Structure formats: C-alpha cells, structure tokens
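A quick note: this is a predicted structure, and the numbers were derived from the prediction, not measured. Here is the naming used below: chain letters follow the sequence lines, and residue numbers restart at 1 for every chain.
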Amino acid sequence: MMDEEVQERRLGFAVKVIGRAGFPSHDPRRWRSGPNVGVSIAALHRILDYVGEEKIRMYRMSSDFVPYVTHPDMPQFHRQIAEHADALAAVGEHARRRDVRLSLHPSQYIVLNAHDDSIVQKSINDLDSQAELLDAMQQGPEAVVVLHVGGAYGDKAAARDRFVRHYARLSEAAQRRLVIENDEFTYSLEDCLWVNARIGVPVVFDHQHHRLNPGPMSAAEAARAALATWPPAVTPKVHYSSPRLDGREIRRGKEVRLEVPLLRQHADYIDPWTFADFLGTLRDLRFDVMLEAKAKDLALRKLRADLRALGCADVLRQPRAS
DNA sequence: CGATGTCAAGGAATC
DNA sequence: GATTCCTTGACATCG
C-alpha cells in the first residue's frame with residue numbers, strides 16, 4: 001500500500017495557505033522590527049502539519065523565507081542560515097517525514113542575464129542563498145530553485161548567451177539546484193531547451209506560458225521534451241494554471257471594451273477538463289504538478305474533488321519509479 | 001480604529 | 001527620460 005501512494009502524482013501549491021486561517025508563510029516584518037528566519041521556520045512547521053492533514057505533498061516556500069538575507073545594506077541579516085542550521089535541519093526533516101517536496105521561486109527582481117553586473121551579482125547572491133537554504137534543510141535533489149531565463153534586452157540570443165555565462169558564476173549548490181521555466185513573453189520552451197543543451201540545467205514546463213508563448217511543438221510534445229531534461233533519478237515537475245476569464249469593462253462613451261491582459265493572469269481555480277486532457281497525454285511519464293492558482297491550496301483541494309466528480313481522477317496516477 | 005502609504009529589488013511598454 | 005504596470009499582501013504609519 002506504500003506503493004499505491006507512490007503512484008499518486010504530487011500536486012503542489014505556492015506559498016500562501018488560504019484554506020485555513022492563521023498559517024503565514026514566513027516572518028513578514030520590516031527590517032526595523034528585526035524579522036528572523038526562526039519565525040519563518042516555526043511557520044513552516046505549522047504549514048507542514050496542515051499539508052500533511054490534507055495529504056498535499058508539494059509546497060513552494062516563500063522566496064522571503066529568510067528575511068533580508070541578501071540585502072546589500074543589511075549585513076546583520078546575512079548569517080541567519082548558518083545561525084539556524086539546527087532548526088533548519090529539523091524543519092527539513094519534518095518535510096521529508098511527510099514526503100513533502102519543497103521548492104523555491106525567486107522573485108521577478110532576480111535576473112541572472114542582466115546587463116548591469118550589480119544586478120547580476122545581487123541575483124547570484126540570492127540564488128546562492130536559496131540553494132544554501134535547501135541544503136541547510138538537507139533536502140534531496142527534487143527540491144529545486146525555479147528561475148526564468150530573464151530579460152531580452154532587444155537581443156534575445158545575446159541575452160541567452162549571457163545567462164549561460166553567468167550561470168558559471170553560481171555556487172556549486174546553486175548550479176545543482178537551479179532549473180529554468182519557460183515564460184509567457186520572451187523565452188519559450190525551445191529557448192529553454194537551447195539553454196539546457198548548453199549547460200544541462202533542467203526545464204520546468206509551464207503549460208499556460210507555453211500556450212501564451214508557443215513554438216512549433218504542441219503542449220504534449222513540449223512537455224515531453226522538458227521532462228526529458230531532468231536526471232533519471234529526479235522526478236520532474238511541471239507548472240499548470242488556468243487563465244482568468246472575467247474581464248474589467250472599460251466604457252468610453254458608447255464603446256465598451258474588455259481588458260484582454262487579464263487572460264494572462266492566473267484564475268482562482270484550475271479548469272479540471274483541460275487539466276485532465278493535458279495529463280491524459282502524458283500518462284506514461286512520472287512527474288509532479290505545481291498548481292498556480294490564486295486560491296492556492298483551496299484550488300488544489302477543489303481540483304482533486306472536481307476530477308473525482310468528473311470521473312477523471314485517474315490522470316493523477318502515474319507509473320512506478322523504475 | 002480605519003484609512004492610507006509603503007515595501008529591497010527589474011523589465012518592458014508607453015508616452 | 002519619466003511613468004506605469006506586473007501583482008501581492010500585510011506591515012507601518014497617520015489621522
């Protein structure tokens with residue numbers, strides 16, 4: 001029966017618990033109040049208890065988990081990971097005990113392929129720190145740091161080359177943890193595969209980004225190509241979201257138009273039919289699915305319930321590890 | 001106490 | 001060159 005559990009695909013959600021009150025993701029206080037990773041660790045223990053109850057086995061931690069840890073003007077915060085090594089190892093053990101796969105996704109300000117070297121160096125410091133955190137939590141190779149390739153700066157090929165060059169400056173830990181994700185505007189899945197071919201960094205397939213910024217491959221083909229970039233011993237993962245369908249009406253005299261950009265945003269919940277169709281094309285492959293929906297853990301719980309109600313919960317089953 | 005302003009950070013589109 | 005959006009919530013401060 002252990003084997004049956006292993007056959008269930010992991011579904012995950014990002015950062016914020018909204019299905020229950022009183023589960024902050026980290027210590028959110030401003031620097032004047034002396035925020036500390038110890039508070040974030042206590043918060044994560046609570047979240048792990050919650051996801052354990054809900055049988056959720058994947059969770060993206062807040063990228064602000066260690067407050068101000070790389071802030072250039074605040075060296076007093078820079079040693080938190082070393083100072084809390086024991087507590088970090090303990091919370092990491094808690095996650096492993098519950099079989100919860102952890103990940104991190106640095107914010108939009110982390111741009112490894114920037115022109116400005118001060119931005120590059122700040123980004124490297126942040127990525128090194130995020131990898132150091134997962135190492136301190138003694139997580140296996142499935143705990144990855146997910147990053148977009150970055151800006152285009154009017155010359156995508158040159159910017160892509162810069163990503164490859166700057167990657168070499170990351171710490172060993174950051175290089176080992178880093179994976180890249182296709183984005184909705186600039187770097188398509190093909191671009192990510194190009195980077196993978198150069199430096200071996202695995203690719204997270206983001207379904208909605210692929211639909212918004214597609215190449216020649218269908219979603220299923222693109223997902224297969226991305227999944228193949230992962231080492232055989234590491235379960236890959238993909239990102240899945242549904243578009244916001246409501247629109248804000250803008251009235252100008254008699255004319256009424258709808259704001260289209262909302263479509264690029266994440267919906268509150270996941271459309272179970274399109275989700276099931278997509279997973280149905282990949283039944284033979286092992287991978288986890290990170291859901292990106294505004295309703296977070298509630299969206300995950302609702303998706304599971306919806307798939308059961310619609311009779312397609314079998315798409316959450318996957319082949320055994322080989 | 002409720003309302004408002006603020007938060008470390010970048011890129012790109014728009015004007 | 002400057003402004004705004006992206007997107008996010010809750011801290012922090014003010015009235």
Participant: Taking the side chain of A:Ser33 as its heavy atoms from C-beta onward, which of B:dA9, B:dG10, C:dA12 lies nearest to it?
Facilitator: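 It is C:dA12.
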Participant: Any donor-acceptor pair, under 3.5 Å, between the side chain of A:Arg29 and the base of C:dC11, if you only look at N and O atoms?
Facilitator: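 Check fails, no donor-acceptor contact within cut-off.
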Participant: Of the candidate nucleotides B:dA8, B:dG11, C:dT8, which contains the atom at the shortest distance from the side chain of A:Lys294?
Facilitator: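 Shortest atom-to-atom distance from the side chain points to C:dT8.
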Participant: Can A:Arg162 be said to sit on top of A:Tyr153's aromatic six-ring, NZ or CZ under 6.0 Å from centre and within 45° of the ring axis?
Facilitator: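 So A:Arg162 does make the cation-pi contact.
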Participant: Are A:Lys16 and C:dA10 close enough that a side-chain N or O sits under 4.0 Å from OP1 or OP2?
Facilitator: yes
Participant: Mind checking the P distance from B:dA8 to C:dT13? Whole angstroms is fine.
Facilitator: 12 Å
Participant: Consider the side chain of A:Ala152, meaning its heavy atoms from C-beta on, and name the nucleotide among B:dA12, B:dA9, C:dG9 that approaches it most closely.
Facilitator: B:dA12
Participant: Could you tell me if the ring centre of A:Phe77 sits under 6.0 Å from that of A:His71?
Facilitator: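 Distance test on ring centres: not under 6.0 Å, no.
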Participant: Could you work out the separation of C:dC5 and B:dT6 based on their P atoms and round it to a whole Å?
Facilitator: 16 Å
Participant: Taking atom CZ of A:Arg97 as the centre, report whether more than 12 heavy atoms of other residues, nucleotides or ligands fall under 6.0 Å from it.
Facilitator: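 More than 12 within 6.0 Å, yes.
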Participant: Could you check how far NE2 of A:His148 sits from P of B:dG10, rounded to whole Å?
Facilitator: 17 Å
Participant: Is it the case that more than 12 heavy atoms not belonging to A:Arg283 sit under 6.0 Å from its CZ atom?
Facilitator: yes
Participant: Is A:Asp27 touching bases, backbone alone, or none of the nucleic acid, heavy atoms closer than 4.0 Å?
Facilitator: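 A:Asp27: no heavy atom of the nucleic acid under 4.0 Å.
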Participant: Between atom CG in A:Leu112 and atom C1' in B:dG11, what is the gap in whole Å?
Facilitator: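 Distance, rounded to whole Å: 15 Å.
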Participant: Choosing from B:dA9, B:dC7, C:dG9, which nucleotide comes nearest the side chain of A:Tyr68?
Facilitator: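 Minimum distance to the A:Tyr68 side chain belongs to B:dC7.
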Participant: Kindly point out which of B:dA9, B:dG11, C:dT7 is positioned nearest to the side chain of A:Val111?
Facilitator: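 It is B:dG11.
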Participant: Quick check with a 6.0 Å cut-off and a 45 degree axis cone: is A:Arg9 positioned over the face of A:Phe287's six-membered ring?
Facilitator: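 The answer is yes, since A:Arg9 meets both limits relative to A:Phe287.
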Participant: Let me know the distance between CZ of A:Arg160 and P of B:dG11, rounded to the nearest Å.
Facilitator: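 It works out to 19 Å between those atoms.
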Participant: Write down the partner of C:dC14 under the Watson-Crick or G-U wobble criteria, each distance required to be under 3.5 Å.
Facilitator: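 WC or wobble partner is B:dG2.
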Participant: Rounding to the closest angstrom, what is the interatomic distance between C:dG9 and B:dG10 at atom P?
Facilitator: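 It comes out at 22 Å once rounded to the nearest Å.
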Participant: Can you measure A:Arg162 atom CZ to B:dG11 atom C1' for me and round it to whole angstrom units?
Facilitator: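 After rounding, the gap between these two atoms is 12 Å.
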Participant: Hunt down the Watson-Crick or G-U wobble partner of B:dA9, both distances under 3.5 Å, from any strand shown, or write none.
Facilitator: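 Pairing partner, where one exists within any strand: none, as none qualifies.
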Participant: Nearest whole angstrom, please: distance from the C1' of C:dA10 to the CZ of A:Phe23.
Facilitator: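 My rounded result for the distance is 18 Å.
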Participant: To the nearest Å, how far apart are A:Asn125 CG and B:dA9 C1'?
Facilitator: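 Taking CG of A:Asn125 and C1' of B:dA9, I get 13 Å after rounding.
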Participant: Do we see A:Tyr109 stacking on the base of B:dA9, given a limit of 5.5 Å between centres and 30° between planes?
Facilitator: yes
Participant: Roughly how far apart, to the nearest Å, are C:dA10 and B:dG11 at atom C1'?
Facilitator: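 Taking atom C1' in both C:dA10 and B:dG11, they lie 25 Å apart.
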Participant: Can you tell me how far P of B:dG5 sits from CZ of A:Arg30, to the nearest Å?
Facilitator: 16 Å
Participant: From the set B:dG10, B:dA8, C:dC11, return the single nucleotide nearest to any side-chain atom of A:Pro28.
Facilitator: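 Looking only at side-chain atoms, A:Pro28 lies closest to C:dC11.
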Participant: For a quick test of reading the model: is some side-chain N or O of A:Gln108 closer than 4.0 Å to OP1 or OP2 of B:dG11?
Facilitator: no
Participant: Measure the distance from CG on A:Asp116 to P on B:dG10 and round it to the nearest whole Å.
Facilitator: 8 Å
Participant: Among side-chain atoms of A:Asn125 and A:Gln121, is any donor-acceptor pair under 3.5 angstrom?
Facilitator: yes
